[in-house]
Amino acid sequence: MQFLKLPRLLMSHVRRIHLHSQPLPLPSESTYRFDGIDDAVALFHRMVDMHPLPSIVEFTKILGMIVKMKYYATAINLYTLMEYRGVVPFTVTFNILINCFCHMGRMDFAFSVMGKILKWGCQPNVVTFTTLMKGLCVNDKMLDALYIYNEMVARRIWFDDVLYGTLINGLCKSKMGKTRAAIQLLQNMEGQLVKPNLVMYNTVVHGLCKDGHINEARVLCSKMIVQGIFPNIFTYSSLIYGLCRAGRRKEVRSLLNGYCLNNKVDEARELFNLMIERGEQHDVINYNILMNGYCLNNKVSEAKRLFHRMIERGEQPDIITYTILMHGYCLIDKVDEARKLFQGMIVRGLVPDVWSYNILIKGYCKIERVDEAVNLLKHMFLKNLVPNIITYNSLVDGLCKSGEILDAWKLVDEMHYCGQLPPNVTTYNILLESLCRIGHVDKAIAIFKHLIFERSFAPDVWSYNILISGCCKNRRMDEAMNLFNQICFKNLVPNIVTYNILLDALCNGQQLDKAIALLIYQIVDQGISPNLHTYNILINGLHKSGRPKTAQKISQYLFIRGYHPDVQTYIINELCKGGYC
DNA sequence: GTAGGGTTAG
């Protein structure tokens with residue numbers, strides 16, 4: 001009866017094989033080569049019909065190859081058939097099965113195979129646990145990884161290098177930001193038989209660089225070198241990437257008009273040059289990382305010079321190189337320059353993708369040339385490129401900023417009713433922000449409620465920030481506080497931007513003591529880091545109200561808690577000391 | 001026997 005439970009897909013294979021295939025002997029040397037999945041499935045079916053049955057090793061080999069072809073569901077179905085026909089599986093077969101479930105995101109089934117392993121009298125081994133661990137990491141269930149650890153300890157299974165590698169990679173990539181746990185793991189390995197390797201170090205170095213901890217990354221590199229493990233192209237790439245990012249603090253950029261005083265992109269360049277001088281292997285990716293660093297730090301001309309140098313040296317720019325440069329030009333509103341690069345890319349035989357179109361569309365929208373953006377959208381359709389949500393959101397934003405809010409709504413309604421690419425929270429936030437910007441806060445709040453009821457709109461903290469800011473600007477503090485309280489009811493957490501909006505409103509309303517209380521009892525107490533805006537709002541507010549001493553006290557209060565004021569606050573404080581304020 | 005990990009860019 002179990003046969004009836006086999007999926008239809010498998011049944012069709014079964015029927016086909018019985019009707020058309022002649023029994024063929026197994027390849028004698030037990031190495032298989034398949035033209036495609038059908039070929040592999042056909043052989044598997046012939047095998048389950050043989051008398052006597054081939055060994056489990058042969059079945060397992062084929063299952064392994066099917067998994068390599070990424071046909072996970074097929075492998076599971078074939079396993080079921082095999083088991084039904086009386087072939088006795090062993091640990092390796094089960095490991096393959098677990099891998100399939102992990103790839104399909106079915107961790108529950110993957111764990112249930114553990115029960116199966118024991119039922120068949122087999123023992124799980126380090127591969128079993130590594131496979132489960134990888135599945136947990138990929139499916140973002142890092143907390144359950146502890147289970148694996150406990151089970152391995154209980155069963156006295158030693159960690160090998162693959163297991164360590166899996167765990168380190170999982171920790172660095174986890175959404176919970178567990179890079180420090182990965183560093184700890186590297187340290188723990190010091191006394192073990194299994195030694196950390198270059199890839200493990202590179203994974204952690206990149207994790208640190210990605211999170212902006214460039215100095216820690218450098219320390220780790222030094223440790224690595226002491227242990228006789230030398231950096232390679234990946235290590236350099238991550239460090240250059242990290243340095244480029246370190247010089248780029250969003251709030252510093254916006255406040256200091258693009259002049260970054262703590263710019264590390266020059267250090268990134270030095271490292272890049274060093275890498276080349278040392279004769280290290282380098283490629284288009286290294287150039288792209290540095291070019292992007294220049295672009296994001298408002299040094300597009302430097303990026304362009306690097307682009308020419310790259311071509312002179314015979315390195316071929318790719319689609320990402322062009323997109324990076326186009327983005328750099330769009331950031332400084334030189335969209336025509338970006339367009340020239342776009343054309344240049346096509347002349348070189350490169351095919352623009354959705355991403356490169358999106359950069360240009362966003363660029364045109366930003367400089368309020370929405371017609372050009374719409375033309376590009378039409379181009380995309382002609383080229384059979386499918387626009388994504390970013391394409392549409394850029395257009396919606398462009399239409400709003402050009403004052404064509406009705407057209408923007410029309411587009412969003414089309415997205416909603418068409419259903420192929422429904423609007424997301426960002427789309428609606430763009431619309432809400434446009435309404436608040438032109439002072440239609442009542443309308444924004446009404447639409448906000450309507451969207452929640454009618455379109456199952458799930459607002460995020462940004463949706464609330466937009467509305468709260470709208471209320472504050474219109475001196476409607478009660479409504480702003482009401483919305484602020486709603487955030488927690490929705491299981492959302494206010495962020496530093498939410499607080500900055502409220503602080504700004506309180507300072508503007510001369511309610512400085514309330515602002516200070518908010519800083520001390522809500523922001524700092526809840527462990528939220530104040531940013532440069534927080535300092536400026538409060539320190540400026542206190543100075544403007546003639547309370548420079550309180551301003552200094554607040555600075556000190558934050559300083560001793562590890563929050564350091566930034567350049568702008570420092571300048572303001574210095575100016576005030578000199579009596580310029 | 002045979003299964004498991006791994007590093008860089010928009």
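Only heavy atoms go into these numbers, but all of them, side chains included; no hydrogens, no water, no symmetry mates. Because the structure is predicted, anything quoted here is derived from the model rather than measured. Proteins get letters first, then strands, A, B, ... in listed order; numbering begins at 1 in each.
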| field | Ring centres under 6.0 angstrom apart (A:Phe111, A:Tyr147) | value |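 Here the rings of A:Tyr147 and A:Phe111 have centres that are less than 6.0 Å from each other.
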
| said: Would you say the rings of A:Phe342 and A:Tyr322 are close, in the sense that their centroids are separated by under 6.0 Å? | reply: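 A:Tyr322 vs A:Phe342: aromatic centres not under 6.0 Å.
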
Taking any heavy-atom pair under 4.0 Å as a contact, classify [X]: base, sugar-phosphate, or nothing.
X: A:Met200; answer: base
X: A:Lys68; answer: sugar-phosphate
X: A:Thr131; answer: sugar-phosphate
X: A:Asn99; answer: sugar-phosphate
X: A:Ile168; answer: nothing

With respect to the side chain of [X], which nucleotide from [options] is positioned closest?
X: A:Ser356; options: B:dG10, B:dG1, B:dA9; result: B:dG10
X: A:Phe90; options: B:dG4, B:dT7, B:dG1; result: B:dG1
X: A:Trp355; options: B:dT8, B:dG10, B:dG4; result: B:dG10
X: A:Ile320; options: B:dT8, B:dG10, B:dA3; result: B:dG10
X: A:Ile285; options: B:dT7, B:dG4, B:dA9; result: B:dA9
X: A:Asn95; options: B:dT8, B:dA3, B:dG10; result: B:dA3
X: A:Val199; options: B:dT8, B:dA3, B:dG6; result: B:dG6
X: A:Ile319; options: B:dG10, B:dG1, B:dT7; result: B:dG10
X: A:Thr323; options: B:dG10, B:dG5, B:dA9; result: B:dG10
X: A:Val126; options: B:dA9, B:dG4, B:dG5; result: B:dG4

Do any side-chain nitrogens or oxygens of [X] fall under 4.0 Å of OP1 or OP2 in [N]?
X: A:Asn169; N: B:dG5; value: no
X: A:Lys134; N: B:dG5; value: yes
X: A:Lys173; N: B:dG6; value: no
X: A:His206; N: B:dG6; value: no

| task | Please confirm whether the backbone N or O of A:Ile98 pairs with a side-chain atom of A:Asn95, one donor and one acceptor, at under 3.5 Å? | result |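 No.
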
In this structure, how many angstroms lie between the [atom2] atom of [N] and the [atom1] atom of [X], rounded?
X: A:Leu208; N: B:dT8; atom1: CG; atom2: P; value: 13 Å
X: A:Leu271; N: B:dT8; atom1: CG; atom2: P; value: 17 Å
X: A:Leu220; N: B:dT7; atom1: CG; atom2: C1'; value: 13 Å
X: A:Ile289; N: B:dA9; atom1: CD1; atom2: P; value: 6 Å
X: A:Asn297; N: B:dG10; atom1: CG; atom2: P; value: 14 Å
X: A:Tyr357; N: B:dG10; atom1: OH; atom2: C1'; value: 17 Å
X: A:Asn202; N: B:dT7; atom1: CG; atom2: C1'; value: 5 Å
X: A:Ile233; N: B:dA9; atom1: CD1; atom2: P; value: 12 Å

Check: [N] base within 3.5 Å donor-acceptor of [X] side chain:
X: A:Thr130; N: B:dG4; value: yes
X: A:Asn286; N: B:dA9; value: no
X: A:Thr166; N: B:dG5; value: no
X: A:Asp353; N: B:dG10; value: yes

| request: Compare every heavy atom of A:Ile276 with every heavy atom of A:Arg313, then report the nearest pair and how far apart it is. | output: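 Looking at all heavy atoms of both residues, the shortest contact is NH1-CG2, 3.8 Å.
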
| Carboxylate-amine/guanidinium proximity below 4.0 Å for A:Asp336 and A:Lys340 |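 No.
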
| message | Check this for me: A:Leu382, atom CG, are more than 12 non-hydrogen atoms of other residues, nucleotides or ligands nearer than 6.0 Å? | response |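 Yes, CG of A:Leu382 has more than 12 neighbouring heavy atoms, counting only those of other groups under 6.0 Å.
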
| task | Assign the ring pair A:His282 / A:Phe272 to parallel, tilted or perpendicular, where the plane angle (0 to 90°) is split at 30° and 60°. | result |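 Perpendicular: the ring planes of A:His282 and A:Phe272 meet at over 60°.
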
